[in-house]
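Reading through the structure tokens given below for one structure.
What you see is a predicted model; the values in this text were computed from it and never measured. Letters A, B, ... are given to chains in the order of the sequence lines, protein chains preceding strands, and every chain is numbered from 1.
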Protein chains: 2
Amino acid sequence: MKQVSEKVVSRLIIYRKYLKELLADGQKSIFSHKISAYTGASAAQVRRDLMNVGYNGTPVKGYNIKDLMTSISEFLEKENTIEVAIVGFGNLGKSIVDYCNGRNSRLSISAAFDTDPNKINRVIHGCHCYANTEMETIIKENKVEVAILAVPREDAQKVADKLVACGIKGILNYSPTRLQVPANIYVENRDMLMALEKVAYFANNVHGGKNK
Amino acid sequence: MKQVSEKVVSRLIIYRKYLKELLADGQKSIFSHKISAYTGASAAQVRRDLMNVGYNGTPVKGYNIKDLMTSISEFLEKENTIEVAIVGFGNLGKSIVDYCNGRNSRLSISAAFDTDPNKINRVIHGCHCYANTEMETIIKENKVEVAILAVPREDAQKVADKLVACGIKGILNYSPTRLQVPANIYVENRDMLMALEKVAYFANNVHGGKNK
DNA sequence: TTCGTAGTGTGAAAACGTTAACAGTGTTAT
DNA sequence: ATAACACTGTTAACGTTTTCACACTACGAA
Ligand SMILES: NC(=O)c1ccc[n+]([C@@H]2O[C@H](COP(=O)([O-])OP(=O)(O)OC[C@H]3O[C@@H](n4cnc5c(N)ncnc54)[C@H](O)[C@@H]3O)[C@@H](O)[C@H]2O)c1
Ligand SMILES: NC(=O)c1ccc[n+]([C@@H]2O[C@H](COP(=O)([O-])OP(=O)(O)OC[C@H]3O[C@@H](n4cnc5c(N)ncnc54)[C@H](O)[C@@H]3O)[C@@H](O)[C@H]2O)c1
């Protein structure tokens, strides 16, 4: 299978989102330079990125929005549904589930884990909360591949180790801990303070405003 | 002033965080290959990144942790304090303020804005919430340079336009809207669903686990 | 003092990502 | 039918980022 970079994947996700908006708007087709104007990538880059997904547009008409969306989705999510679990069902955890679930038909946050007895066995935002002790069973039974980490700093590494032991392959980490994991596990860190520090730097060191 | 790339800034922020941990641990000095092991950047890259901040280590002893931290901070935050405002003081907004404030002595989220009368003029997590109508006054008076956007999708663009008109130079955007802003405004988008989609992709397309 | 060691700083090479340029191609107008 | 057009797909040039490799240096040991 063709290997593509993080940057390409990130942009494809952005394109898909734009296409979704266009579709909701009733549009049928779109040109690379329009996608470019909206997303900030150059038109050449849009076309080049789309080469990866194996969908061909036509001159004059451009890309059929529906078909292109389908192709991007098939490229990004080969399996029909990817199961996601969230660990730490506090303020942040609940917000994430509320926001994400239902917005991508191939991604489903179907289980939460927490240590708080008040949360265990409750269903919040359509997501069942289990005790941490059930982690292995639930993850293996439901073939969960991706986990979102939203536990306090001091527990993050311990929980990550456990998730890895259960066979998780990717972690979206909202805790401020920099996780140490085996090389085949993909980690995306989303520390909010670091994000703010980065914006603060570039706000004071103008940089052309290129949006990643 | 030396122009450095987004990637360098992101890594410097990561290094600084690690240094902070080391200092809390009572350590005095550190080698590039140790920073490398923790952060995922190669040792050569660590050294190269540090060239930008103008601090020199010594062979055998490596880098003095305290001095290096100071140099990085002087590089990242030239001004003594950078004022930040948050717009949308809901679940997410409150969490962000709670988490970020007090963790970087040069960044301060000192004002919130909301349209909800129940929040206006209340102080939550040490942050005063103002009505949107006071935005221009407060931002200009307090020299706020950076804004965090945590309002619902439908209002995000409108609020961003207003922030730009008030003189904001950088936006950390947690709304799912892709903002259209002038080229000199720096925007960092942090859509949670997109982050999850990215992790889901790389969980299924192993990639060496390189943490960005 | 002299040597060996284990680090740093950095120029040069390699890898990677982006942009430019253009041939090829449906579509439309004539 | 044919020509003009406005786009796509793709190759090659370009620019940026990362790695390599090594001269240099502070220190500790003998
Ligand atoms: N709140 C934010 O916006 C924000 C921002 C940046 C970072 N963070 C980080 O995200 C994490 C969660 O933030 P929050 O605001 O949701 O906090 P929270 O206290 O509301 O939620 C934490 C949840 O994790 C659960 N938990 C604790 N230990 C656990 C364990 N070992 N296994 C499973 N669950 C466990 C708790 O019972 C609680 O429900 C923290 O690390 C925080 O530093 C939060
Ligand atoms: N909750 C999350 O974790 C999460 C995740 C991803 C994205 N988001 C996005 O972040 C935004 C906020 O999420 P939330 O969970 O905090 O929602 P929320 O409803 O709790 O908070 C939204 C807040 O914004 C205020 N608001 C509405 N319009 C405003 C305006 N024009 N000016 C100023 N304030 C205004 C509301 O009064 C409310 O206090 C939404 O766009 C949501 O889609 C949230």
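Distances shorter than 4.0 Å separate some side-chain N or O of A:S42 from OP1 or OP2 on C:dT19. Between B:Y63 and C:dG9, a side-chain N or O to OP1/OP2 separation shorter than 4.0 Å is present. Residue A:N56 has no polar side-chain atom (N or O) positioned under 4.0 Å from OP1 or OP2 of D:dT8. Between A:R47 and the phosphate of C:dA20, there is no side-chain N or O to OP1/OP2 separation shorter than 4.0 Å. The side chain of B:S32 places an N or O atom within less than 4.0 Å of a non-bridging phosphate oxygen (OP1 or OP2) of C:dT8.
Residues A:S5 and A:A44 each lie close to DNA chain C; by heavy-atom proximity, the contact nearer the 5' end of the strand is made by A:S5. Each of A:V8 and A:P59 was matched to the nucleotide of DNA chain C holding its nearest heavy atom; the match closer to the 5' end belongs to A:V8.
Between B:K34 atom NZ and C:dG7 atom P the separation is 9 Å, expressed in whole Å. Rounding to whole angstrom units, NZ of residue B:K61 and P of C:dA6 are separated by 18 Å. The distance between atom CE of A:M51 and atom C1' of C:dT18, rounded to the nearest whole Å, is 14 Å. As a whole-Å value, the separation of B:H33 NE2 from D:dT19 P is 17 Å. One interatomic measurement links the two molecules: NZ of B:K7 to C1' of D:dG15, which rounds to 14 Å at whole-angstrom precision. Here D:dT8 presents its C1' atom at 14 Å from CG of A:D49, a figure rounded to the nearest Å. Rounded to an integer number of Å, the gap from CG of A:N52 to C1' of D:dT10 is 13 Å. In this entry the distance linking CD1 of B:I30 with C1' of C:dA6 reads 15 Å, nearest Å.
One N or O on the side chain of B:D114 and one on the backbone of B:F89 form a donor-acceptor pair closer than 3.5 Å. When atom types are taken as modelled, the side chain of B:K143 and the backbone of B:K140 share no donor-acceptor pair closer than 3.5 angstrom.
Atoms CG and NZ, from B:L179 and B:K158 in turn, are 13.5 Å apart once rounded to the nearest 0.5 Å.
In this structure, B:I109 and B:C100 have side chains that are in contact, with non-hydrogen atoms separated by less than 4.5 Å.
The closest side-chain donor-acceptor pair between A:E83 and A:S110 falls under 3.5 angstrom.
Residue B:R48 places no side-chain atom within donor-acceptor reach of the base of D:dT18, judged by atom type and a 3.5 Å distance cut-off alone.
Closest contact between the side chain of A:F31 and the listed nucleotides D:dT8, C:dT8, C:dG9 involves D:dT8.
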